[in-house]
Amino acid sequence: MLQTPRGTNDLLPAEQAAWDYVSDHFRAICAAYGYGEIRTPVFEDTRLFQRTVGEGTDIVEKEMYTFFDRGGDSLTLRPEGTAPVVRAYLEHGMHRLPQPVKLSYIASIFRYDRPQAGRLRQHHQFGVEALGESAATVDAEVIALLLHLYRNVGLTGLSLQLNSIGDAACRPQYIEELSAYYRSHTHALCENCRNRLERNPLRLLDCKEDSCQPFIHAAPHTLGSLCAACDAHFDTLKRSLEAMDIDYTLNHTLVRGLDYYTRTVFEVWPEAVGRQSALGGGGRYDGLARHIGKRDVPGIGFGTGIERIILNLERQGLASAADVPFGVYVATLGDNAARYGIGLVNDLRQRGIRALMTYKSRSLKAQLRQAGNLGAHYAVIVGDDELEQGKALLRDLNSSTQELVDDSDLAPTLERLRAGN
RNA sequence: GUGGCUGUAGCUCAACAGGUUAGAGCUCUGGACUGUGGCUCCAGCGGUUGGGGGUUCGAGUCCCCUCAGCCACCCCA
């Protein structure tokens with residue numbers, strides 16, 4: 001039996017309601033904040049991600065779905081949402097638009113990873129990017145939008161983890177400081193950390209190894225070595241968040257996995273016990289555009305996992321059931337009535353009414369049972385008797401009452417009933 | 001990529017210490033009620049016990065491999 005590739009899922013009609021629910025909220029909030037939706041290709045030139053995400057990262061090193069097309073070009077299934085949007089901004093000359101340009105997206109993301117609950121090889125993200133403005137008030141807006149989304153869909157008990165990792169002016173010095181500190185303790189570090197020290201020192205702060213925790217605690221903080229400009233930027237961000245009554249937790253170990261981040265970095269975590277997977281995260285990436293084009297474009301954005309939002313809603317017991325749309329079931333008896341029924345159903349559908357009927361000859365009992373199962377509100381019952389009189393029985397399936405209605409009144413009556421539903 | 005747990009109808013689960021044709025509930029279909037749903041009762045459909053190999057007279061049950069899901073790690077969404 002063939003099945004979905006590992007780490008991928010079918011989204012069935014019954015599960016669609018939850019997706020629509022969160023997607024509708026996301027789109028409404030984006031509209032309120034002035035973010036326009038953008039769609040970029042599912043695959044891009046492999047170099048886009050190599051240059052922006054960073055050669056030393058897990059994504060580029062071992063998680064990308066990369067392939068050569070028939071023309072010999074190396075393409076990669078989108079492993080994250082930001083780089084393609086920045087690419088589109090540059091490609092379409094959006095620097096001529098009023099800045100910042102605020103874009104939102106709903107996109108599939110692909111990463112070759114070992115699957116687990118809430119961790120898939122193809123997952124989906126809501127994301128937002130504000131491009132062309134470096135003011136920290138934009139950072140605050142982006143964070144507010146994300147938390148607004150979580151609040152509106154009903155997620156509670158979340159914590160905003162916040163940090164600033166500096167920029168080109170001060171980060172190199174910090175990394176030097178951090179490396180120097182760690183080099184003095186090399187002998188006591190785990191093997192992984194010894195590698196990090198060489199390859200990606202910032203990630204030393206991410207280590208979960210017990211024996212490394214004391215070093216993380218004692219290590220110099222990024223916040224302690226920010227340059228004046230970054231310090232002021234972070235200060236404005238904090239004050240802006242406070243102005244919106246947004247609580248945050250300063251987390252000096254939060255450095256994010258991708259190389260392109262500068263200054264602001266943040267994640268939102270579910271409150272649940274143990275180390276949970278982040279619901280969403282993002283940050284500022286003022287150096288990213290340079291890797292793609294000739295222009296410097298400051299930017300800030302977030303990505304948040306749709307499957308994880310829904311998973312957490314379910315864990316909170318907030319499964320959203322689909323509303324059953326107004327519907328009519330046309331039950332017929334006999335060949336003549338069946339033909340009449342096909343015409344009636346067709347007419348109702350042209351009017352936008354959900355109309356259903358059986359595809360083969362079945363007992364009236366079976367047809368009404370199916371009408372109930374399909375969630376129809378009304379049944380139209382037509383047999384030879386009704387056909388002769390030019391009438392049909394209109395049955396209210398909730399109240400179990402029915403009346404004889406003129407054929408010509410049927411559709412208008414149902415339209416009226418739908419309006420009142 | 002590492003370690004561990006799990007895997008029986010569409011769903012939720014049974015099946016003594018290996019022993020005849022692997023059961024039940026729900027769902028679906030039909031009937032009791034030849035033109036009136038939901039309740040009840042009856043019946044039917046539905047499984048190469050995730051897949052492959054091995055041990056054995058005999059494997060859902062034991063062993064190996066493999067696939068998938070889950071948990072922890074890794075990492076993040």
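In what follows, chains are A, B, ... by sequence order, proteins preceding strands, each numbered from 1.
- At least one cation-pi condition fails for A/Arg354 and A/Phe326: the charged atom is not both under 6.0 angstrom from the six-membered ring centre and inside a 45 degree cone around its axis.
- B/rC71 and B/rU29 have their P atoms separated by 35 Å, with the value rounded to a whole Å.
- Looking at which nucleotide of RNA chain B each of A/Arg362 and A/Arg111 is closest to, the 5′-most match is held by A/Arg362.
- To the nearest 0.5 angstrom, A/Gln50 atom CD is 7.0 Å from A/Thr66 atom OG1.
- At whole-Å resolution of the value, CZ in A/Phe26 and C1' in B/rA77 are 13 Å apart.
- No contact: A/Ile309 has no heavy atom under 4.0 Å from any strand.
- When rounded to the nearest whole Å, the span between CZ of A/Phe302 and C1' of B/rA77 equals 12 Å.
- A gap of 43 Å separates the C1' atoms of B/rA59 and B/rC76, to the nearest Å.
- Contact annotation for A/Gly81: no contact, since no heavy-atom pair falls under 4.0 Å across all strands.
- The two atoms that bring A/Val324 and A/His377 nearest to each other are O-CE1, 3.9 Å, heavy atoms only.
- Distance A/Leu311 CG to B/rA77 C1': 11 Å, rounded to the nearest Å.
- Sorted by first then second residue, the ring pair (Phe, Tyr, Trp, His ring centres under 6.0 Å) pairs that include residues 196-226 of chain A, not counting sequence neighbours, are A/His185-A/Phe215, A/His221-A/His252.
- Salt bridge A/Glu403/A/Lys391: absent, no basic N to carboxylate O contact under 4.0 Å.
- A gap of 11 Å separates the P atoms of B/rC63 and B/rG18, to the nearest Å.
- What separates CG of A/Asp10 from C1' of B/rG69 is a distance of 15 Å, to the nearest Å.
- Closest non-hydrogen pair, A/Arg171 versus A/Leu202, comes out as NH1-CD1, 3.3 Å.
- Ion pair A/Arg339/A/Asp335 not flagged as a salt bridge, since none of the NZ, NE, NH1 or NH2 atoms sits closer than 4.0 Å to an Asp/Glu carboxylate oxygen.
- Listed by chain and residue number, A/Tyr329, A/Ala331, A/Thr332, A/Thr358, A/Arg362 satisfy the side chain to side chain contact (heavy atoms under 4.5 Å, CB included) test with A/Gln367 (two or more places apart in sequence, or in another chain).
- Summary of the strand contacts: A/Pro5 and A/Tyr150 both lie near RNA chain B, and taking for each the nucleotide with the nearest heavy atom, the more 5' one is attributed to A/Pro5.
- The environment of CZ in A/Phe43 is sparse: at most 12 heavy-atom neighbours from other residues, nucleotides or ligands sit within 6.0 Å.
- Using C1' as the reference atom, B/rA43 and B/rC5 are 41 Å apart when rounded to the nearest Å.
- Judged by atom type and distance alone, A/Arg203 does not reach the base of B/rC75 through any side-chain donor-acceptor pair under 3.5 Å.
- Rounded to an integer number of Å, the gap from A/Ile109 CD1 to B/rA77 P is 9 Å.
- Secondary-structure stems of RNA chain B, taken as three or more successive Watson-Crick or G-U wobble pairs (i with j, i+1 with j-1) under a 3.5 Å distance threshold, comprise B:1-7 with B:67-73, B:10-13 with B:23-26, B:28-32 with B:40-44, B:50-54 with B:62-66.
- When heavy atoms are screened at a 4.0 angstrom cut-off, A/Gly127 is found touching no nucleic acid atom at all.
- Rounded to whole Å, atom P of B/rC76 lies 11 Å from atom OH of A/Tyr260.
- For the P atom pair drawn from B/rG58 and B/rA24, the interatomic distance equals 29 Å after rounding to whole Å.
- Taking atom P on both nucleotides, B/rG19 is separated from B/rC13 by 23 Å, rounded to a whole Å.
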Assign a letter to each nucleotide of nucleotides 1-10 of chain B from its 5' end: B, base within under 4.0 Å of a protein heavy atom; S, sugar-phosphate only; -, no contact. BBBB------
Would you give a per-nucleotide map of nucleotides 31-42 of chain B, 5' to 3', where B means the base has a protein non-hydrogen atom under 4.0 Å away, S means only the sugar-phosphate does, and - means neither? S-B-BBBB----
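- Taking OH of A/Tyr378 as the reference point, atom OG of A/Ser399 lies at 7.0 Å (rounded to 0.5 Å).
- Separation of atoms NE2 (A/His25) and CZ (A/Arg151) is listed at 11.5 Å; rounding is to 0.5 Å.
- B/rC16 and B/rC62: their P atoms are spaced 11 Å apart (whole Å).
- A/Tyr35 is linked by a ring-ring contact (aromatic ring centres under 6.0 Å, His included) to nothing, counting only residues two or more places apart in sequence or in another chain.
- In this structure, CD of A/Gln367 is placed 16 Å from P of B/rC28, rounded to the nearest angstrom.
- Residues A/Leu223 and A/Phe234 share a closest heavy-atom pair of CD2-CE2, 3.5 Å.
- Across the protein-nucleic acid pair, A/Leu146 atom CG and B/rA77 atom P stand 12 Å apart, rounded to whole Å.
- Spacing of P atoms, B/rA22 relative to B/rA9, comes out at 14 Å, to the nearest Å.
- Out of B/rA68, B/rC70, B/rC76, the shortest distance to the side chain of A/Pro115 is found at B/rC70.
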